[in-house]
Each structure stands twice: as C-alpha cells, then as structure tokens.
Protein chains: 2
Amino acid sequence: MSNRDDIVSKLKASGVTPTTQRVEIAQILFARPQHLSAEQILKMVNQESSSTASKATIYNTLGLFAKKGLVKEVIVDPSKVFYDSNVSKHFHFYNIDSGELTDIPADAIHIDKLPNLPQGTESSGLEVIVRIKNS
Amino acid sequence: MSNRDDIVSKLKASGVTPTTQRVEIAQILFARPQHLSAEQILKMVNQESSSTASKATIYNTLGLFAKKGLVKEVIVDPSKVFYDSNVSKHFHFYNIDSGELTDIPADAIHIDKLPNLPQGTESSGLEVIVRIKNS
DNA sequence: TTATCCTGTTAGACAAAGTCTAGAAAACAA
DNA sequence: TTGTTTTCTAGACTTTGTCTAACAGGATAA
Ligand SMILES: [Mn+2]
Ligand SMILES: [Mn+2]
Ligand SMILES: [Zn+2]
Ligand SMILES: [Zn+2]
C-alpha cells in the first residue's frame, strides 16, 4: 500500500477525489499501520515530500478520511487526536509516561456481555484503552 | 456526601488540605456521581456559591483531586476533559451527537482475557467507551 | 476560445482548553 | 508576633483546532 497508484485507487474506492495533497497525506498514513497526530502529518508533508499542504488542508483531509472510514480517530490524550491508519478492529495501550500509543490485537481481549444501548441510539464504535505507566 | 463536614473529612482522609476553594469544588463534585468539565465547575463555583475560585485554582484542584484518586479523568471528547466523581470501577457510553457521557455499570460488561502488558510497564486503568449516536 | 462554475487549497485570524508566572493572601510554625 | 510555606489569583501565554474569505485550477458551456 505504499505504491502511489494503489493509494489513488484506495481513495477513489472510498469516494475521495485524489488531489495532490490528499495523496501525499494518504501515502504517509497508509505506508504502515500507525498512529499520527495532525501536527506530525503536517510536518512530514512539508519536509519529506515534494508538494506541500497547509494546516487547514491537513485537518480537512483527516476529517474527510475519518468520515469515509479510511482512518480512525483515537482520543486518549487530552491534548491531541491520534489518527490511526489501522481501521480494523483492535484496541490500545496508552503509556501515560511516554505518550506512546500501541495496538492490542482484537483477539487479545475478549468481551462477552455488552450492555443494551440507551433508547434511540445505535453503536458507533467500541473502544478499549489500557492505560499503562512505566514501572 | 453533601454535608460540608463529610466533605472536609473526605479531603483530609485523602491527604488534601481542605481550603475554602477545594471544599467548594468538592461539594459540587461529590453531591452525586456525575461528569463535569472544568469550565462547568468554574461556572458553578462562581454562580451558585458564596465563595469564588479562579480558573487556575479550578485546574490545580481538579489535578490534585485526580492525583489523590478523588476523581477520575475521562477522556472521550477531544475538546475537553470530564471529571468523574464516581471513582469505582465502571465504563461509559459517549453520545457523539449530544456530547452526553453516561455510566455503564461494571457488571454490565465482562472482559476475560486481558493482554500481557508491555515489558517494564504496569497498569494504570482500564477504560471501555461505547460510542453511540442517535438513530 | 473565453466565460462560468465548482471543488479544493490557502494564509492567517480566531476560538477554546489548558498552563504558567509572579505577586498577594492564607495558613502554619516557632 | 515574625518568618516560612502553601495556596490562590489575574492575566499572559501556548497549543490544538476551526473558520473565513480569497484564490487556483480543472471541467464545462457557449
Ligand atoms: Mn483541544
Ligand atoms: Mn457506574
Ligand atoms: Zn491502533
Ligand atoms: Zn462515570
């Protein structure tokens, strides 16, 4: 998924017009499963890449990707959102000392008995976060 | 737990000097199990109360209460932290449409098989968030 | 071709949450 | 009381993220 044509196809398949900026951002994100903040992506686009993108475009694009299901927002740190390029079911360790976010495979946690949702609502995602600290 | 003396005892028991401002904030928080943001508490202290407190004191106090285990920070909304006056084990629904945070009793979810923690780390809390939306 | 339209990008102003600083006020100890 | 420490405070500051209004550039119509 690091090939430029694959990225373009992936965006098209999700109904996202593959502009220069979006393809740049997607190439960074989809190079491998990872957790990046908007600020990190902004820096990466404007350092390692040929083309550039503004802050507004970074946020617009990440919001669009999230809406289209291409990335998942992970909210574990009050100071910034992480964008996760792995959208398959999995959970997270969050190291509160280092700020490091790491994956827990879906099959490493088993949840039986989920509660009934409140009236008039439907599920929009299940999150499990194991906060850890250095010992 | 709405009695002023009880609040003072509770703070002392946790090693927190019961100053005027801390007792005010604690009275609001511990009146019942609830989820409040720093801004909400700031407003409540300066409207419904005899004494007042500054923004810095609200944040200092909430940080202190969290460190002493009197409240639990709940991070589900990227724009603000919720302070939970219920520190016993339980989980949360977060309605992304309304911003409402509600409790899931501990016994409504059963998790067996928790993953091994990464080397050199220890657990600091397990969070389960069921994101919901209005249907 | 040229005008018009539409979508996306942009700089930078703006908003909101939270942190920090330096001085004032309380609380405390002797 | 006097000296010492802790707490409180206003407001400047930082950071993340949003908004606006202008602009670019490709598609399309005439
Ligand atoms: Mn924020
Ligand atoms: Mn509960
Ligand atoms: Zn992940
Ligand atoms: Zn709760």
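Lettering of chains follows the sequences in order, A, B, ..., and the numbering in each one begins at 1. Atom set for the values below is all heavy atoms of this structure, side chains included, hydrogens, waters and symmetry mates excluded.
- Residue B/T19 is classed as a sugar-phosphate contact, given heavy-atom separations below 4.0 Å to backbone atoms only.
- Residue contacts shown for A/S51 are absent, as no nucleic acid heavy atom lies under 4.0 Å away.
- Counting only heavy atoms from C-beta on, B/E39 has its side chain closest to C/dA17 among D/dT9, C/dA17, D/dG17.
- Taking only side-chain atoms of A/A56, from C-beta outward, the nucleotide of D/dT16, D/dG17, C/dA11 with the closest atom is C/dA11.
- The base of D/dG17 sits within donor-acceptor range of the side chain of A/K55, with an N or O pair under 3.5 Å.
- A distance below 6.0 Å separates the ring centres of A/H35 and A/H92.
- Residue B/T57 has a polar side-chain atom (N or O) positioned under 4.0 Å from OP1 or OP2 of D/dT9.
- In terms of modelled atom types and a separation under 3.5 Å, the side chain of B/S51 and the main chain of B/E24 share no donor-acceptor contact.
- For D/dT18, the OP1/OP2 oxygens have no side-chain nitrogen or oxygen of A/Y59 closer than 4.0 Å.
- Nearest-nucleotide positions on DNA chain D for A/K80 and B/T17 put B/T17 closer to the 5' end.
- Close to C/dA26, at under 4.0 Å from its OP1 or OP2, lies no side-chain N or O of B/T20.
- Protein atom CG of B/L64 is 8 Å distant from nucleotide atom P of D/dT7, rounded to whole Å.
- Between the CG atom of B/D77 and the P atom of D/dG17 there is a distance of 12 Å, rounded to whole Å.
- In this structure, the NZ atom of B/K67 is 10 Å from the P atom of D/dT7, given to the nearest Å.
- Atom CG of B/L42 is separated from atom P of C/dA17 by 11 Å (rounded to the nearest Å).
- Atom CD1 in A/I58 sits roughly 12 Å away from atom C1' in C/dT10 (whole-Å rounding).
- You'll find the side chain of B/L64 reaches within 4.5 Å of the side chain of B/R22, heavy atoms only.
- Atom CG of B/N60 and atom P of C/dA22 are 16 Å apart (whole Å).
- Side-chain proximity of A/R22 to the nucleotides C/dT10, C/dG8, D/dG17 is greatest for C/dG8.
- Residue B/Q21 has no polar side-chain atom (N or O) positioned under 4.0 Å from OP1 or OP2 of C/dA26.
- At whole-Å resolution of the value, CG in B/L62 and C1' in D/dC8 are 15 Å apart.
- In this structure, A/I75 atom CD1 and D/dT16 atom P are separated by 15 Å, rounded to whole Å.
- A/K72 forms no cation-pi arrangement with A/Y83, by the criterion of a distance under 6.0 Å to the ring centre and an angle within 45° of the ring axis.
- Enclosure of atom NZ in B/K113 by more than 12 non-hydrogen atoms of other residues, nucleotides or ligands within 6.0 angstrom is indicated.
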